[in-house]
Amino acid sequence: MVEQAQAVVGPSIRVIGKTNTQVPALLATPADMQLAEQGVLALGLQAAQVLTDLEKTGAIIVAAFSDPGLRALRARVSIPVLGIGESVFMEAGADGRCFGIVTITPDIDLLASFTERATELGIGEQYCGARVTQSDGQVLLANPAWLDAALSTAIRESIKDGAQAIIFGGGPLSAAAERLQPQFSVPLLNPVAAAARAAFKG
């Protein structure tokens, strides 16, 4: 994800990644998101302090699709804080465009949170819903060819739902958006890239 953000902002801006080691690599349930919040807040506060000490300008990107800890961190620091979920939702819904989400996490509560997020951001009527891959998410992440095949099926289903743009719902899926884009005419939106563009206007 650091590499993807760096590619968006270019060589004049340095992207540094910090990993929350207290949570699973794939946040698949609301409980995972709640667990992630404390780690995100701690890492974000550290990053903000480093920037302050070095008298540098910058921004913080929360690189988890449900943006755990985003609001709490924004309330505690003076620099911009962006979430990959919020950023890509706003990019997807720009100009009244209808959009869908493809994801590998089938948790019902998590899927419901996507609808809630779209409504909170004022683009609920444009949201066409989520399509979930059929195989186990961890297995797919371990095999990019299987992941791409499963996501392609979900993308076609989302297009049938009326999506004019499709969000890849999860930070670990971001690279797949770039790989699959040549196969589809609708925009496949990488959440990490969306947040990098929003943060640095790249």
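Nothing fancy with the numbering, it's 1 onward along the sequence.
Chaining together hydrophobic side chains whose heavy atoms lie under 4.5 Å apart places L51 alongside V40, L41, L45, I60, V62, L70, L73, V77, I79, V81.
Residue pairs meeting the side chain to side chain donor-acceptor pair (under 3.5 Å) criterion with at least one partner in residues 65-94, sequence neighbours excluded, are D67-R117, R71-E120, R74-E86, E91-R197. Listed by first and then second residue, the salt bridge (charged side-chain N to carboxylate O under 4.0 Å, His left out) pairs involving residues 37-55 amount to none (not counting sequence neighbours). Applying the salt bridge (charged side-chain N to carboxylate O under 4.0 Å, His left out) test to pairs two or more places apart or on separate chains, none has a residue in residues 15-29. Sorted by first and then second residue, the pairs that involve residues 133-151 and meet side chain to side chain donor-acceptor pair (under 3.5 Å), not counting sequence neighbours, are D148-R179. Sequence neighbours left out, the pairs with a member in residues 159-176 that pass side chain to side chain donor-acceptor pair (under 3.5 Å) are R131-D161, S174-N190.
Contact detail for A195 and I61: the closest heavy-atom pair is CB-CG2, 3.8 Å. Of all heavy-atom pairs spanning L189 and R97, the tightest one is CD1-NH2, 4.2 Å. Considering all non-hydrogen atoms of both residues, I167 and F89 come closest at CD1-CA, 3.9 Å.
Side-chain N or O atoms of S113 include one that pairs as donor or acceptor with a backbone N or O of L110 at under 3.5 Å.
With sequence neighbours excluded, the residues forming a side-chain contact (heavy atoms from CB on, under 4.5 Å) with D109 are P30, D107, listed by chain and number. When the ring pair (Phe, Tyr, Trp, His ring centres under 6.0 Å) test is applied to F168, no partner is found at least two apart in sequence or on another chain. The side-chain contact (heavy atoms from CB on, under 4.5 Å) search around P80 returns A59, L82, not counting sequence neighbours. Shown here are the side-chain contact (heavy atoms from CB on, under 4.5 Å) partners of I108, two or more places apart in sequence or in another chain: there are none. Evaluation of the side-chain contact (heavy atoms from CB on, under 4.5 Å) rule for S152 yields R156, L180, Q183, F184 as partners, not counting sequence neighbours. By the side-chain hydrogen bond (donor to acceptor under 3.5 Å, both in side chains) test, T105 pairs with T103, sequence neighbours left out.
L173 is listed as a side-chain neighbour of L147, based on a closest heavy-atom distance under 4.5 Å. Counting only heavy atoms from C-beta outward, the side chains of V88 and F65 approach each other to under 4.5 Å.
More than 12 heavy atoms of other shown residues, nucleotides or ligands fall within 6.0 angstrom of atom CD in E157. When the shell of 6.0 Å around CD of E178 is examined, it contains more than 12 heavy atoms from other residues, nucleotides or ligands.
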Run I166 and I159 through side chain to side chain contact (heavy atoms under 4.5 Å, CB included) and show every step you take.
CA-CA 8 Å; I166 297 173; I159 292 171; 3.8 Å; yes

